[in-house]
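When a ligand or atom number is given, it counts from 1 through the structure's own listing order.
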Amino acid sequence: MTRDEALALDAADALAPLRERFELPPGLIYLDGNSLGVLPKATAARVQQVVRDEWGHDLIRSWNSAGWIDLPQRIGDKIARLVGAGAGELVVADSTSVNLFKVLSAALAIARADDAQRRVIVSERSNFPTDLYIAESLAAQQGCTLRLADTPEQIPALLGSDTAVLMLTQVNYRTGRLHDMAALSRAAHEAGALAVWDLAHSAGALPVDLARDGADMAVGCGYKYLNGGPGAPAFVWVHPRHADRFWQPLAGWMGHAAPFEFTPGYRPAPGIARYLCGTPPVLSMAALECGVDTLLAAEPFGGMAALRAKSLALTRLFADEVSTRCPELALVSPTDDARRGSQVCFAHAELGYPVVQALIARGVIGDFRAPDVLRFGFTPLYTRFVDAFDAAVHLQQVLDSGEWRRPEFNRRHAVT
Ligand SMILES: *Cc1c(COP(=O)(O)O)cnc(C)c1O
């Protein structure tokens with residue numbers, strides 16, 4: 001492909017106007033929206049309004065007058081539209097890690113209420129570490145064990161009559177591989193287990209259909225493809241057939257049936273509201289709502305299906321260009337569109353970290369995931385075809401020039 005051909009793809013792109021909704025620093029090629037989404041233009045003014053007017057002027061009255069108390073449900077209903085959940089089935093709360101603890105506890109309790117001999121949580125070794133740590137901790141508390149697949153193909157064979165829960169991240173954070181949610185949820189159910197899905201790299205990145213694909217519970221991240229800002233609150237969904245079956249373990253007052261009756265005993269709220277724990281972080285919620293709105297703005301243009309088509313075209317372009325230009329890098333992400341999320345990763349045994357640092361110095365932002373992965377996320381709301389093309393050229397230049405050898409690119413920062 002030539003640069004002019006990439007520019008022609010942008011000129012023909014019906015989604016291109018959505019980029020105007022973001023504050024993108026000039027000259028920057030940002031391929032890290034899978035780690036921290038770009039700031040929407042609406043966010044600063046909206047947060048300022050919440051601070052100045054709702055907090056500064058209206059103070060405590062804003063819990064009612066500005067609807068602060070309903071934020072977890074209001075934003076939850078918007079996210080539900082992106083992930084195939086119904087209104088009233090999903091809430092925004094806490095972090096992905098904390099929400100995973102809640103749903104995994106519930107899933108274990110529900111599966112084991114039917115059959116106490118089920119003691120195994122199945123996941124994969126390459127799952128995101130926090131997911132494995134939460135599962136490990138919960139398993140230790142409940143006398144259960146964690147069984148890890150070394151490859152995605154192994155997963156069905158690890159499910160059996162001892163399995164309580166299959167817990168997977170739909171798109172692998174390091175390889176970008178996309179699981180078949182429908183097939184794996186079915187396999188879990190056939191074994192008598194529940195299917196818990198982490199949508200950290202799929203909500204807002206590709207069409208997700210939790211109800212159609214048989215998920216029992218799901219969690220997801222607010223600061224990646226939902227553009228909610230650093231540390232944005234996360235979300236949690238529980239299928240309505242399970243939502244009332246269990247007190248999630250963090251039984252806080254916001255999940256109580258009547259928090260303002262101030263009664264000493266816990267009575268869980270009906271449905272998903274019981275998965276709330278404490279007071280919602282209103283400023284962060286305001287920012288998250290602006291981020292989610294940037295995705296809903298794509299609905300007139302074909303919504304998540306249109307975003308997915310563009311994402312696949314972007315990742316295909318970048319994978320092809322880099323594979324041709326940089327033969328020393330090994331493509332880690334699947335070439336099959338049906339198996340790839342919205343990121344492209346390459347491996348190199350020694351120079352992954354300094355190459356990413358040299359790219360960042362050139363204004364091309366990706367990230368490095370130990371031990372050897374160079375990771376590039378593509379956000380079709382704001383990433384252009386010419387960005388994908390130029391990033392591949394920069395990567396080739398960094399490798400060919402050897403500039404990654406410079407000492408400043410070889411010093412490790414705390415966050416990679
Ligand atoms: C980013 C990510 C998380 C983040 O969890 P936090 O609690 O927000 O730190 C969790 N799981 C997966 C799979 C992720 O990619």
Side-chain angles (χ1 to χ4, degrees), residues 31-38 72 75 79 83 91-105 107 121-138 146 148-149 152 155 165-179 181 184 195-206 208 210 215 217-237 248-250 275 277-278 280-281 284-285 287-288 291-292 332-333 340-345 366-370 373 375-379 414-416:
L31 303 180
D32 220 355
N34 54 335
S35 209
L36 175 63
V38 167
I75 306 172
I79 296 173
V83 297
V91 287
V92 171
D94 303 314
S95 65
T96 307
S97 304
V98 172
N99 287 332
L100 190 62
F101 182 82
K102 297 178 211 166
V103 296
L104 211 45
S105 305
I121 302 169
V122 172
S123 191
E124 54 182 341
R125 201 171 303 284
S126 65
N127 200 346
F128 191 75
T130 203
D131 297 50
L132 297 179
Y133 303 158
I134 293 284
E136 183 183 349
S137 151
L138 203 52
L146 184 58
L148 299 177
I155 294 167
V165 186
L166 171 64
M167 176 200 77
L168 293 171
T169 299
Q170 192 182 10
V171 174
N172 186 282
Y173 79 105
R174 200 190 282 138
T175 64
R177 183 186 158 118
L178 168 64
H179 281 304
M181 182 187 282
L184 287 164
V196 171
W197 290 92
D198 186 334
L199 309 180
H201 293 276
S202 42
L206 48 96
V208 176
L210 290 168
M217 300 172 186
V219 298
C221 184
Y223 51 79
K224 293 171 180 161
Y225 292 96
L226 299 186
N227 307 313
F235 66 88
V236 52
W237 171 82
Q248 57 99 353
L250 305 178
Y275 283 80
C277 180
S284 301
M285 292 267 186
L288 174 61
V292 173
V332 171
S333 304
R340 186 171 72 250
S342 201
Q343 68 189 55
V344 178
C345 304
D367 58 27
F368 173 74
R369 286 294 173 263
V373 169
R375 186 173 75 155
F376 303 94
F378 291 81
T379 310
V415 176
T416 62

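When each atom of ligand 1 is checked for a heavy atom of Asp131 under 4.0 Å away, the hits are 10 (C), 11 (N), 12 (C), 13 (C). The Thr169 neighbourhood of ligand 1 comprises atoms 13 (C), with distances under 4.0 Å to a heavy atom of that residue. Listed by number with element, the atoms of ligand 1 under 4.0 Å from a non-hydrogen atom of Tyr223 are 1 (C), 4 (C), 5 (O), 6 (P), 8 (O), 9 (O). In the vicinity of Lys224, heavy-atom distances shorter than 4.0 Å reach the ligand 1 atoms 1 (C), 2 (C), 3 (C), 14 (C), 15 (O). Close contacts of ligand 1 with Ser95, meaning ligand atoms under 4.0 Å from a residue heavy atom, involve 7 (O).
Heavy atoms of Ala200 found under 4.0 angstrom from ligand 1 belong exclusively to the side chain. For Thr96, heavy-atom contacts with ligand 1 shorter than 4.0 Å involve the backbone as well as the side chain.
Atom CD1 of Ile75 is separated from atom CG of Leu288 by 5.0 Å, given to the nearest 0.5 angstrom.
Closest heavy-atom contact between Ala135 and Leu146: CB-CD1, 3.8 Å. Among all heavy-atom pairs drawn from Ala218 and Leu210, the shortest one is CB-CD2, 3.7 Å. Counting all heavy atoms, side chain and backbone alike, Lys102 lies closest to Tyr275 at NZ-O, 2.7 Å.
Side chains of Phe101 and Asp94 form no contact here, defined as non-hydrogen atoms less than 4.5 Å apart.
Not a single N or O atom of Tyr173, backbone or side chain, sits closer than 3.5 Å to an N or O atom of ligand 1.
The side-chain contact (heavy atoms from CB on, under 4.5 Å) test with Met167 singles out one residue from Asp198, Val219, Val122, Leu100, and that residue is Leu100.
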